[in-house]
Every structure is written in structure tokens, then in C-alpha cells.
Amino acid sequence: MATAAATSVSEPETEPKAAPKAEGEEDEVKTARTRKKASSRTVATATYKTTGPGWDQQEEGVSESDGDEYAMASSAESSPGEYEWEYDEEEEKNQLEIERLEEQLSINVYDYNCHVDLIRLLRLEGELAKVRMARQKMSEIFPLTEELWLEWLHDEISMALDGLDREHVYDLFEKAVKDYICPNIWLEYGQYSVGGIGQKGGLEKVRSVFERALSSVGLHMTKGLAIWEAYREFESAIVEAARLEKVHSLFRRQLAIPLYDMEATFAEYEEWSEDPIPESVIQNYNKALQQLEKYKPYEEALLEAEAPRLAEYQAYIDFEMKIGDPARIQLIFERALVENCLVPDLWIRYSQYLDRQLKVKDLVLSVHNRAVRNCPWTVALWSRYLLAMERHGVDHQTISVTFEKALSAGFIQATDYVEIWQAYLDYLRRRVDFRQDSSKELEELRSAFTRALEYLKQEVEERFNESGDPSCMIMQNWARIEARLCNNMQKARELWDSIMTRGNAKYANMWLEYYNLERAHGDTQHCRKALHRAVQCTSDYPEHVCEVLLTMERTEGTLEDWDIAVQKTETRLARVNEQRIKAVEKEAALAQQEEEKAEHRKRARAEKKALKKKKKTRGADKRKADEDDEKEWGDDEEEQPSKRRRIENSVPIAGEARDLEAETGLFGKSASIDVDPPSKQKERAAVLKRDVPKVPHDSSKDSITVFVSNLPYSMEEPDVKLRPLFEACGEVVEIRPIFSNRGDFRGYCYVEFKEEKSALQALELDRKNVEGRPMFVSPCVDKSKNPDFKVFRYSTALEKHKLFISGLPFSCTKEELEEICKAHGTVRDIRLVTNRAGKPKGLAYVEYENESQASQAVMKMDGMTIKENVIKVAISNPPQRKVPEKPEAKKGPGGPMVLRQIYGARGKGRTQLSLLPRALQRPSTTAAQAENGPAPKPAVTTSAATEAPKMSNADFAKLLLRK
């Protein structure tokens with residue numbers, strides 16, 4: 001069957017390419033090219049068959065497409081002008097796109113989507129040789145999915161004509177089954193091998209393929225049944241005397257394994273077998289049924305969930321690990337990795353299990369190799385791969401090649417390159433026999449150390465603007481190896497000198513590390529020299545370094561050494577104290593300036609407020625004078641209707657009796673009504689708001705209530721405007737807007753629903769734009785009972801698949817940014833950061849489908865210019881949020897435990913900064929004794945004596961200067 005399909009499909013490919021014989025035959029050439037293109041596309045369409053158990057259907061599909069091919073070709077031949085323009089234009093467009101993809105792959109060979117698009121276009125253009133080469137290159141870098149492999153296999157099968165071609169297809173099948181666990185590929189492999197049963201060793205080949213398929217996917221509870229049935233059907237079709245026993249054996253083996261539809265298989269066995277089923281087979285069948293019941297909840301959870309089902313697979317893996325069957329554990333890991341191949345943690349867990357439990361060389365190395373091909377950006381997988389290769393005795397050349405591949409994998413952080421270099425250098429160090437003074441391995445180790453330092457300085461620092469090794473850990477390890485294992489202190493000292501010149505001389509711990517190395521493998525003279533340099537250079541903990549120097553001179557030094565050490569330490573500490581006092585003075589001066597500025601702003605606000613109040617008073621006086629003038633001239637005419645309506649609307653209902661009296665007058669005559677200024681009308685409206693009874697919040701309804709904030713203060717009738725918005729989530733019982741004592745809306749409210757699911761659905765309205773501002777919707781939680789409750793919907797940890805973009809123009813929209821970002825991968829979400837007023841801040845978060853696409857986007861987009869703005873792009877790694885410290889409980893003299901709250905309601909202000917370093921602070925006697933023992937009872941003093949006089953920052957600075 002397969003051979004017939006291959007013959008029918010490959011016929012158009014054997015057609016020779018038309019070439020121009022003369023310059024005047026351009027039309028014939030274009031016609032032939034068009035006919036060739038139509039033929040090639042027909043081949044591509046005919047071979048695109050990735051489903052179906054047999055090859056007969058494919059053969060029929062190919063023959064039908066052949067008819068279309070000849071019709072298209074004849075049509076093109078009869079009217080070349082009709083198709084010439086269409087094909088030439090499309091061909092030119094595809095060729096430009098192919099060239100662009102090839103150029104992009106030459107820059108970054110790890111662009112997965114670029115590989116897929118290139119293969120698709122080449123296949124569409126009928127470039128079969130180039131398609132094969134592109135697929136080969138992609139398979140060397142990435143594992144291919146089941147769909148890609150089946151497409152490739154069907155194309156190759158359709159062109160297989162002889163035995164050599166069949167062997168080539170066999171090799172492709174062998175590569176395909178190694179990438180992922182794919183029951184469909186194994187089934188295709190078995191069926192294709194049946195077509196070669198007539199060749200030498202064909203029967204053994206078919207049985208070997210099916211047996212390997214059973215070992216790989218025979219335990220698959222949902223898809224393993226097809227492999228068993230295909231194997232049984234093949235054995236039943238062979239006319240041999242021994243076939244009956246072979247089929248019996250397959251039935252018995254299958255019935256001993258928990259699979260779906262076991263009952264139907266058992267019934268089929270009863271019907272097929274002429275003899276009664278042995279008791280042992282029935283017992284194994286019943287045992288498998290019991291096991292099936294245990295596995296069903298996990299299988300059903302996988303069927304109900306949506307891909308990639310990581311949580312369900314993790315639970316299934318935990319269950320299998322408890323049972324401890326290695327074959328089933330391996331199978332469930334493989335099943336999980338088919339849908340979660342880009343999850344590094346899953347690969348790490350799988351490889352760790354194989355390293356510690358099975359320890360089978362071929363299996364372990366195969367899994368490690370697949371892991372780094374799926375997640376090449378994860379340095380932990382490469383490090384584990386190098387360790388596994390060393391553990392299983394792989395030759396040095398292979399390990400070195402693997403390390404070079406790791407360097408070109410494109411890690412996301414600079415520290416990843418440091419980690420992979422350390423893993424490789426550790427491996428090289430373990431190869432060296434240090435009992436010999438010199439060896440080839442030792443020289444290779446030293447050259448590797450030198451290359452590592454150059455690589456971090458040139459390649460990594462140029463890309464990340466940092467070496468990733470600020471503490472020079474690689475150089476420290478090299479110095480320790482030279483000192484301890486090679487007895488080469490001279491080289492170690494040179495390395496430490498280089499370490500100190502790279503900005504580490506100010507750290508005490510670096511000097512003490514060098515000092516300890518000299519103590520262990522050097523001499524006292526170099527120890528003393530190192531500590532003397534440390535005293536002069538250390539800026540973080542100079543007291544500690546001085547103490548170590550004095551301790552060494554006390555135990556080993558002469559009197560002269562002691563005097564020199566004391567003199568140097570005293571001079572250094574005096575200089576440090578002087579610098580600290582200057583820093584305190586500078587801080588005091590800055591604080592005083594800030595205080596003066598704040599006082600100036602306060603006075604300016606007060607003057608502005610007084611001026612505004614004065615203007616209002618003048619306006620009121622002027623209106624009053626105008627009214628007096630009107631009364632003086634006796635203007636008692638009837639008021640205008642519009643004015644009457646305005647007055648009536650401004651008068652509250654509660655004052656109807658007084659209004660009636662004012663309107664009729666004391667003598668029953670009509671009198672003019674005074675119009676209150678707007679300020680008084682607002683106060684009167686506020687009185688009305690205060691008269692409305694305040695309903696206290698019922699905390700028992702928190703589960704059906706949401707808290708809505710960041711609403712515009714100018715919103716009129718918030719309950720009326722917000723009700724349609726929240727009624728879309730469910731029935732709304734009440735909307736309670738919060739007003740101030742003056743009657744102004746405070747920008748937040750409570751929305752109570754009838755059902756809890758409606759409240760949960762309302763949380764999805766968070767950040768929805770309402771009157772130009774993002775509305776915040778959060779769960780209703782009592783902060784007094786849950787003071788640590790925080791609602792922050794975004795992750796604050798490192799997310800390697802998400803980018804942080806800064807420097808964007810404020811006019812950049814979400815659609816414009818998505819158009820730029822989707823060129824580097826599949827964009828899942830884009831979030832433009834705005835302030836509370838909804839205005840853009842020039843920042844954005846872009847979430848990609850996986851870490852590989854994010855890392856490619858960083859390299860391509862960092863430094864890009866958007867609307868004359870140069871943007872910065874990095875992997876999302878927000879700084880840790882500062883958690884405010886809780887006020888300490890403090891017991892007052894003779895009183896109960898109270899909270900030590902020394903700041904106002906809005907926290908610590910700018911002018912409340914501590915101006916005294918902790919080293920110079922003098923704790924109170926009570927606090928000091930409370931730390932070391934029970935505090936004595938305070939003496940009874942008057943309140944006037946206990947209160948300390950208040951001092952300004954200038955007074956405090958003068959106090960320090962007197963000392």
C-alpha cells in the first residue's frame with residue numbers, strides 16, 4: 001500500500017525542470033515554471049496527510065489530487081496569462097519571506113517559530129530538498145512535535161521507491177519515537193513496517209517494532225489499547241501453526257495490565273479462544289481491574305481538564321511515585337512532558353528521579369539531552385546534563401561539545417553563564433591528578449579558567465552590562481586550587497590582587513577570605529601585609545578588620561609590630577569617625593533645608609487660603625449691598641419665574657414652615673426672599689447628607705460584597721451610575737457610596753450582591769475604566785482583623801516568560817505595542833502601567849508563551865526606538881516589596897502594654913528622619929537593661945522633669961560639633 005502511494009505521489013517530482021533554450025522563449029519558460037509550481041503545490045497538498053490508520057485512504061487521496069494536478073497543469077498550459085501573474089506575485093512574496101526567515105535563523109538558530117514558518121513556506125513552494133534540510137536542522141536543535149514528525153514521515157513515505165528509501169524512513173521513525181512518547185507515531189511505525197514484510201528479515205522487524213511500542217506506550221491507559229489490537233491483528237493474519245500461541249500470549253499480557261475497555265478485551269478473548277481461559281489469567285485480569293479503579297480518578301481528571309493539565313499531571317506523578325513502579329512512573333512523566341515540554345521544573349524532577357533511582361545510562365542521558373533541547377535557556381538542565389555525562393563515563397570530547405552548545409543556548413541572566421562555567425570547571429578540576437607537578441589536564445584547566453574570565457568580561461558583560469560575577473567567584477576558586485592543590489601561592493596572590501582591583505577592596509569579607517588563605521597556605525609576613533591593606537581599604541566593617549589585625553599581632557607579632565598595628569588602626573578609625581560625623585552634618589543640613597522648604601510651602605498655602613477667603617467675603621458683602629440698594633429703592637415687583645424656581649430648589653424641604661413665613665411676611669404681605677450664596681447652599685446640602693442615617697458595614701456579608709475604589713470624586717449619584725455595570729455580574733442588593741462629613745463623595749463604595757459567585761465575577765471588573773479613571777475592585781476584607789491582607793493581582797517574583805518595558809512614549813497604545821512584540825513570539829497578554837488617574841507611565845509588561853520567546857524578544861527589542869523614545873527591555877523581576885514593620889509592643893512605666901507608635905497616621909515624614917548613625921546612638925538606660933536583664937523600676941519624677949526639651953535639627957548639629 002505504502003509503495004503504491006509513494007509511486008503515485010512521486011510521479012510529478014520526476015518531471016524535469018524546464019530551462020530556457022533561447023532568449024525569445026520567455027513565455028514558454030514562464031508557462032513551464034507555472035506548470036511546475038502547480039505540480040509542486042499539488043504534491044505538497046497530497047502529502048499533507050497526518051491522520052488515518054492505513055495507507056489505502058492516502059493512496060486514494062493522492063490519486064484524486066493527481067487529477068487536480070493534471071487539470072491545473074492543462075489549464076495553466078491552455079491559458080498561461082491567466083495564472084502567470086497570480087503565481088509569480090505569490091512566489092515572489094514567499095521567496096522574500098523565506099529569505100527573511102533564513103536570515104533570522106542565521107542570527108538566532110534557537111527561534112522555534114521561525115523554523116516552523118520556514119518549513120511551511122518551503123513545503124508550500126515545493127522545495128522538497130530544502131524542506132528536508134530545514135527539517136533536519138530543526139530536529140538537531142529542537143525535538144519535534146507529533147504533528148511535525150507525522151507530516152515529515154508522510155512526505156518521505158510518499159517519495160520512498162526502493163529499499164534504500166525505506167531504510168531512510170526507518171531511520172526517521174527511530175528519531176521520531178525518541179523525542180516524545182507518541183502512540184500515533186508508534187502505530188504508524190508498526191503499520192509501515194508491515195509493508196516491508198516481504199523483504200529479508202521483514203517479519204522479525206515488524207515484531208521488533210511492535211514489541212518496542214508495547215514497552216514504550218503499552219501501559220498507556222487510554223491510547224495503549226490501539227497498539228495491542230494492531231499487534232494482535234498482525235499476528236492473526238499470519239498463516240502459521242505457531243500464531244495461535246502468539247495471539248494467546250498477547251491476550252494474556254494485555255489482560256494483566258490496567259487499560260480502558262478491559263471488559264471488551266476479555267469478552268473478545270473468551271469468544272476467540274476455543275479452550276477455557278486459565279484461572280491464572282482470570283486472576284491477573286481481576287487484579288488489573290482493581291488497579292484500574294485506583295487510576296480512574298486521575299485519568300478522568302486529565303480528561304476533564306484543559307491542556308496543558310500540569311496540576312493534574314503533578315498529582316498523577318505523586319500518586320505513581322508512592323506506588324513505586326518504575327515503568328509507570330516513567331510513562332506518566334513522559335505523558336506529562338508531551339503537553340508541558342517547556343516546563344523546566346518538570347524536566348528537572350524527571351531527570352532527578354532517573355539519576356537517583358533507575359541509573360540506566362542510555363535512558364538517563366537520553367532524557368537529559370531531550371531536556372536541554374526543549375528548554376535550552378535553563379542553565380540548571382545543562383549543569384545536570386554535564387554531571388550525568390561525567391557520572392556515566394562519557395568521553396571528554398563529547399562533554400566539551402555539550403558545554404559549547406550550552407554557551408550558545410542564549411541564557412536569560414548573566415549569572416546563568418557563571419553557573420555553567422563553574423559546572424564545567426568543576427568537571428575539569430576532577431579530571432586532574434594533582435600528585436603530578438604538571439599534566440595535560442592541569443594545563444587544560446588553567447586555560448579554561450583564563451577563557452572563562454575573558455568570556456565573562458567580553459561576551460556576557462557586553463550583552464548584560466554586567467559580568468554576572470561581581471564577587472569573582474570563578475577567580476576565587478582558581479586561587480584556592482592554585483594554593484591548596486598546586487602549592488602555587490604566587491599565582492594565588494596574583495589572582496587575589498586582580499580580585500581586589502575589580503571593586504572588591506572595600507569589602508571586609510573579601511580581605512578576610514584572602515587572609516585565611518594566606519594563614520592556611522602562605523606565611524605570616526603576607527598575612528600581616530594583607531591585613532594592613534585591609535585596614536586602609538575597607539569601608540563597610542573597618543572595626544572588624546582592625547580587630548583581626550590586633551588579634552594576630554597579639555599572638556604572633558613583636559612589640560614593634562604591635563605598635564604599628566595600634567597606630568594604623570587608631571588612625572583609620574579616627575578617620576572613619578570623622579567621615580561619619582561629616583555625613584551626619586550633611587544629613588542635618590539637608591533635613592533643615594527640607595524643613596525650611598516645607599515651612600515656606602505651608603506659609604504660602606496659608607496666605608493663598610486667606611486671600612481666597614477674603615475674596616469670597618468681599619463678594620458676599622457686595623451682593624448684600626446690592627440687595628440693600630434694591631430694598632432702598634422700593635423694588636417690590638414680583639420676582640422672575642426662573643429666579644423663583646432656583647430659590648425653591650435651593651430651599652430644603654425641612655424648612656417649609658420657615659419659608660412660608662418668610663414668603664407671606666409678618667403682616668400677610670408678599671416679601672422678597674434672600675438668595676443664599678453657593679457656599680451656604682453647599683453647606684445646607686451637606687447638612688442633608690449628614691442627616692442621612694449611616695449604615696454600619698456588616699462584616700458577615702464580606703463574602704458577597706466587593707470594595708470599589710479609585711472612583712472620580714466628581715461622580716454624581718454613584719449608586720445609579722454603577723448599578724448597570726455590576727448588575728451584569730449578578731443581582732445587586734445594595735450599592736453604598738461613602739461621603740465625607742461635608743457631603744462630598746470620597747471615591748469609593750461597597751457593592752453587595754445576592755450570591756457569592758456574583759461577587760467573585762465582579763472582581764474581573766478590576767481596572768475597568770470609569771469616567772476616565774481605572775476602577776479598583778477588590779474583596780471586602782476587614783483590615784482590623786486581617787492587617788496583613790494585601791490584594792496585588794500581579795506576581796512580584798522572577799517571571800522568565802514576561803518582559804518589563806520602560807521608556808515607552810505616553811501616546812503608545814496597547815495595540816501598537818502588541819504589533820511590535822508579536823514579531824518575536826506569541827503574545828499572551830500586554831499590560832500598560834497607569835497611575836491612579838488612568839494616565840500612562842511609559843511602562844508595560846508583555847507576557848509571552850514561553851521563556852525562549854521572551855529571551856529572543858529581549859535581545860531584539862532592547863534599545864529599540866519607538867516614536868523617538870529609546871525603550872529598555874528586560875525580563876520581569878520586580879524588586880521585593882517593603883513590608884512595613886509592625887509597631888513594637890512596649891510597656892509603659894507602671895502601665896499596661898501599649899503600642900510604640902511614634903509617627904502620625906500617614907507614617908514617617910521627611911523631617912522625621914533619624915539623623916544619628918546607629919553606632920553613635922545611646923539607648924536609654926531602661927532599654928539597655930531590659931535587653932541584658934530585668935529593668936529596674938523607674939524613679940518617681942514629675943511630668944515636667946520627664947519631658948525632654950524639644951530641639952531643632954540646627955541645635956542637634958551644634959551639639960555634635962561641640963563634641
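In what follows, residues are counted from 1 in the order of the sequence shown.
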Participant: For atom NZ of Lys597, decide whether the heavy atoms of other residues, nucleotides or ligands shown that lie under 6.0 angstrom number more than 12.
Facilitator: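 Result for NZ/Lys597: open.
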
Participant: Would you check if Lys602 and Arg605 make a side-chain contact, meaning some heavy-atom pair closer than 4.5 Å?
Facilitator: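 A side-chain contact exists here, since the closest heavy-atom pair is under 4.5 Å.
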
Participant: Indicate the ring-plane relationship of Tyr298 and Tyr316, choosing parallel, tilted or perpendicular according to the 30° and 60° boundaries.
Facilitator: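 Ring orientation of Tyr298 relative to Tyr316: parallel.
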
Participant: Among pairs that include at least one residue of residues 751-760, which meet salt bridge (Lys or Arg N to Asp or Glu O under 4.0 Å), considering only residues two or more places apart or in two chains?
Facilitator: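 Qualifying pairs, neighbours excluded: Lys701-Glu752, Glu731-Lys754, Arg736-Glu752, Glu755-Lys757.
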
Participant: Between Asn850 and His801, is there a side-chain heavy-atom distance shorter than 4.5 Å?
Facilitator: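 Side-chain contact under 4.5 Å: no.
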
Participant: I want to check something: taking the side chain as every heavy atom from C-beta on, are Met864 and Ile820 in contact at a cut-off of under 4.5 Å?
Facilitator: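 The answer is yes, as the side chains (C-beta and beyond) meet within the 4.5 Å cut-off.
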
Participant: I want to check something: taking the side chain as every heavy atom from C-beta on, are Leu817 and Leu832 in contact at a cut-off of under 4.5 Å?
Facilitator: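 They are in contact (side-chain heavy atoms under 4.5 Å apart), so the answer is yes.
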
Participant: How about Phe753 and Val706: do any of their side-chain heavy atoms sit closer than 4.5 Å?
Facilitator: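 A side-chain contact exists here, since the closest heavy-atom pair is under 4.5 Å.
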
Participant: Any heavy-atom pair between the side chains of Asn340 and Tyr313 that's under 4.5 Å?
Facilitator: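 Yes, their side chains come closer than 4.5 Å.
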
Participant: Tell me whether Arg767 contacts the main-chain N or O of Met775 through its side chain, where contact means a donor paired with an acceptor under 3.5 Å.
Facilitator: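 Such a contact is absent between Arg767 side chain and Met775 backbone.
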
Participant: Using modelled atom types only, decide if a donor and an acceptor are shared between the side chain of Glu799 and the backbone of Asn877 within a distance under 3.5 Å.
Facilitator: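 Side chain of Glu799 to backbone of Asn877, a donor-acceptor pair under 3.5 Å: no, none is there.
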
Participant: Could you check if a side-chain atom of Arg349 sits within less than 4.5 angstrom of a side-chain atom of Ile317, using non-hydrogen atoms only?
Facilitator: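 Yes, at least one pair of side-chain atoms sits under 4.5 Å.
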
Participant: With distance as the sole test, does Ser740 use its side chain to make a donor-acceptor pair with the main-chain N or O of Asp744 at under 3.5 Å?
Facilitator: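 Flag set: sc Ser740 to bb Asp744 pair under 3.5 Å.
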
